[in-house]
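Since the structure comes first, as structure tokens, the remarks are kept for the end.
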There are 2 protein chains.
Amino acid sequence: MLVNKKIISRFSQYREVLLKFQEMGLSKIFSNVLGDAVGVTSAQVRKDFSLHGISGNKRGGYQIEDLLHELRSILGKDKVHHVVVVGIGNLGRALIQYTGFDKEGIQIVAGFDIDPAKVNKRNRIPVYHLDELNKYVCENQIQIGVLAVPDAAAQSVCNIMVDSDIKGILNFAQIRLIAPEDVVINSVFLQMELENVIYFVNAMENKCTRCRSS
Amino acid sequence: MLVNKKIISRFSQYREVLLKFQEMGLSKIFSNVLGDAVGVTSAQVRKDFSLHGISGNKRGGYQIEDLLHELRSILGKDKVHHVVVVGIGNLGRALIQYTGFDKEGIQIVAGFDIDPAKVNKRNRIPVYHLDELNKYVCENQIQIGVLAVPDAAAQSVCNIMVDSDIKGILNFAQIRLIAPEDVVINSVFLQMELENVIYFVNAMENKCTRCRSS
DNA sequence: ACGTTTTTGTGATTTTAATCACATTTAAAA
DNA sequence: TTTTAAATGTGATTAAAATCACAAAAACGT
């Protein structure tokens, strides 16, 4: 693949920051300002843009509107993307209740769960039984799904999603999912992220103790 | 810092997989098996261990118990870590309701919110008003906090957490938090992760279309 | 109009991370 | 025992990502 995950993450972040700057009434921005806001160097910003054929004005910086336009098309923001959430536990419910995605062109359109008690078709975002996933996904041309079921069920539910022709999965289960090459899987391991924080807090503490005693 | 975020993430994953293998009754494991399970090469596994002074037996692989023992101490799993969640919205509530962290030595002990209506001290995990954070954190020697408030409030709540002497923050707000050097911040940008999936699904689609037409 | 300053754009360089490949060791088989 | 096959451990190599550094362009002040 020409681009990697990391650069796309930065693009998402650039976009986020640019929207805020635009909201504040600014119309142009310099690479160093954007870099600071996102936590990268100005050279990184310029290189990212340059590699994607986005150019600014020497001494004039970049037009925010132009950048947003380019980023919109790079990130596929020119159309609304419909997403389903599979697994309506604590996390799944939180995700379908969160309303912040909408304004970013991401629309969560339905939830699915294996537990009939969770089914509720009258919600703002309806929740269906998992058995209906296949039909729903076909009929509504859904490509993206969030997987938020317990680890033990994750792989089999993933298989169901893949069979239903979902092409991209954001996975919250703490396992490495196996799926065909053409299915994009991005995993968020929340426990691992917490462990990471804990590790580095410990590491810092040890370092400081040593500093003090030396 | 000697080690970076990525290697620690791998260690977390190794540990996770090893626990599962151990549960299945296995007592030794080879680098290639562990690598496959986590999605890295066998050389990567061996190098990771080697760099941390963990060694196995030539031709005999690694003793799972030994590995887990080492990883436990590297990852600070030898004691239980108490964590507070600040911001009891959809996501914060999901996190304090999730019971899976406990068995991993991570214990969410309290929630905090600025909204008095969210306060409930009789829950399994009590929710206090944000004003009580400082006192609670001091009295209970909390070092780690999860930040799950709206973007607009994130920086100021972060400041409160830092003032309360929290040393590590897992941040779910879509902004780059500013904090002193000695405070560890790890951000999970859920929207960005979803956008990433969407981007690569689009990219694949375009690639395939091109393939078909050529 | 002209020089000065500032910012971009990018080739060269450095740094970092991953992979290779093989000598070494050792468990198991013959 | 002796041989054979299979893993580890690690220096060397490669690949990837980030940074540097500076020429080129253009806005601004005078």
Side-chain angles (χ1 to χ4, degrees), chain A residues 1-14 17-18 21 26-71 74 176 192 196 199-200 203, chain B residues 1-14 17-18 21 26-71 74 176 192 196 199-200 203:
Chain A
M1 216 167 291
L2 201 113
V3 285
N4 64 6
K5 196 176 129 95
K6 238 170 167 178
I7 201 173
I8 296 305
S9 297
R10 283 200 298 271
F11 278 161
S12 281
Q13 290 182 266
Y14 296 153
V17 168
L18 288 168
F21 275 102
L26 299 176
S27 66
K28 69 175 184 181
I29 194 165
F30 301 128
S31 60
N32 65 328
V33 176
L34 185 51
D36 284 355
V38 168
V40 302
T41 64
S42 62
Q44 179 83 80
V45 172
R46 295 198 299 277
K47 187 143 264 187
D48 281 349
F49 288 162
S50 157
L51 290 175
H52 280 74
I54 301 173
S55 57
N57 313 306
K58 290 216 164 76
R59 172 114 204 219
Y62 297 86
Q63 285 306 117
I64 291 182
E65 196 162 350
D66 293 356
L67 284 181
L68 282 172
H69 183 259
E70 294 286 353
L71 290 175
I74 290 171
R176 212 175 88 82
M192 199 186 73
N196 237 295
Y199 171 84
F200 284 108
Chain B
M1 213 167 292
L2 201 113
V3 284
N4 64 5
K5 195 176 129 95
K6 239 171 166 177
I7 202 173
I8 297 304
S9 298
R10 282 201 298 271
F11 278 161
S12 282
Q13 291 182 267
Y14 295 154
V17 168
L18 288 169
F21 275 102
L26 299 177
S27 66
K28 70 175 184 181
I29 193 165
F30 301 127
S31 60
N32 65 327
V33 176
L34 185 50
D36 284 354
V38 168
V40 302
T41 64
S42 62
Q44 180 82 80
V45 171
R46 295 199 299 278
K47 187 143 263 186
D48 282 347
F49 288 162
S50 157
L51 289 175
H52 281 73
I54 301 173
S55 57
N57 315 305
K58 291 217 163 75
R59 171 109 206 227
Y62 298 85
Q63 284 307 117
I64 290 181
E65 195 162 351
D66 294 355
L67 285 181
L68 281 172
H69 183 260
E70 295 285 354
L71 290 176
I74 291 171
R176 211 175 88 82
M192 199 186 73
N196 238 295
Y199 171 83
F200 284 108

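Every chain is numbered from 1, with letters handed out A, B, ... down the list of sequences.
- Listed by residue number, there are no residues of residues 26-34 of chain B with a heavy-atom contact under 4.0 Å to DNA chain C.
- B/Ser42 comes within 4.0 angstrom of nothing in the nucleic acid, heavy atoms only.
- One atom, CD1 of A/Ile8, and another, C1' of D/dA17, lie 15 Å apart when rounded to the nearest Å.
- Whole-Å rounding puts the B/Phe11 CZ to C/dA17 P distance at 13 Å.
- The residue among B/Asp48 and A/Ala43 whose nearest nucleotide of DNA chain C lies closer to the 5′ end is A/Ala43.
- Taking the side chain as every heavy atom from C-beta outward, A/His52 and A/Ile7 approach each other to under 4.5 Å.
- Rounded to whole angstrom, the span from the CD1 atom of B/Ile54 across to the P atom of D/dT8 amounts to 13 Å.
- In this structure, the side chains of B/Asp48 and B/Tyr14 come closer than 4.5 Å at one or more pairs of heavy atoms.
- Base contact: B/Lys47 has a heavy atom under 4.0 Å from a base atom.
- We find that CD1 of B/Ile7 is positioned 8 Å from P of C/dA18, with the value rounded to whole Å.
- Side-chain atoms of A/Phe49 and A/Leu34, non-hydrogen and from C-beta on, do get closer than 4.5 Å to each other.
- A/Ile74 places a side-chain heavy atom less than 4.5 Å from the side chain of B/Tyr199.
- Of the listed nucleotides (D/dG9, C/dC20, C/dT8), C/dT8 has the atom at the smallest distance from the side chain of A/Arg46.
- Contact annotation: the side chain of B/Asp36 never approaches that of B/Val33 to less than 4.5 Å [non-hydrogen atoms, C-beta and beyond].
- Taking 4.0 angstrom as the limit, A/Thr41 places a side-chain polar atom (N or O) nearer than this to OP1 or OP2 of D/dT19.
- Distance, A/Gln44 CD to C/dT8 P: 14 Å, rounded to whole Å.
- No side-chain heavy atom of B/Gln13 sits under 4.5 Å from any side-chain heavy atom of A/Arg176.
- Closest non-hydrogen pair, B/Ser31 versus B/Val45, comes out as O-CG2, 3.8 Å.
- By the neighbour-count criterion of 12 heavy atoms within 6.0 Å, atom CD of B/Glu65 is sparsely surrounded, having that number or fewer from other residues, nucleotides or ligands.
- Side-chain nitrogen and oxygen atoms of B/Asn4 include none within less than 4.0 Å of the OP1 or OP2 phosphate oxygen of C/dT16.
- The shortest side-chain heavy-atom distance between A/Ile8 and B/Phe200 falls under the 4.5 Å cut-off.
- Contacts of residues 56-67 of chain B with DNA chain D (heavy atom under 4.0 Å): B/Gly56, B/Asn57, B/Lys58, B/Arg59, B/Gly61, B/Tyr62.
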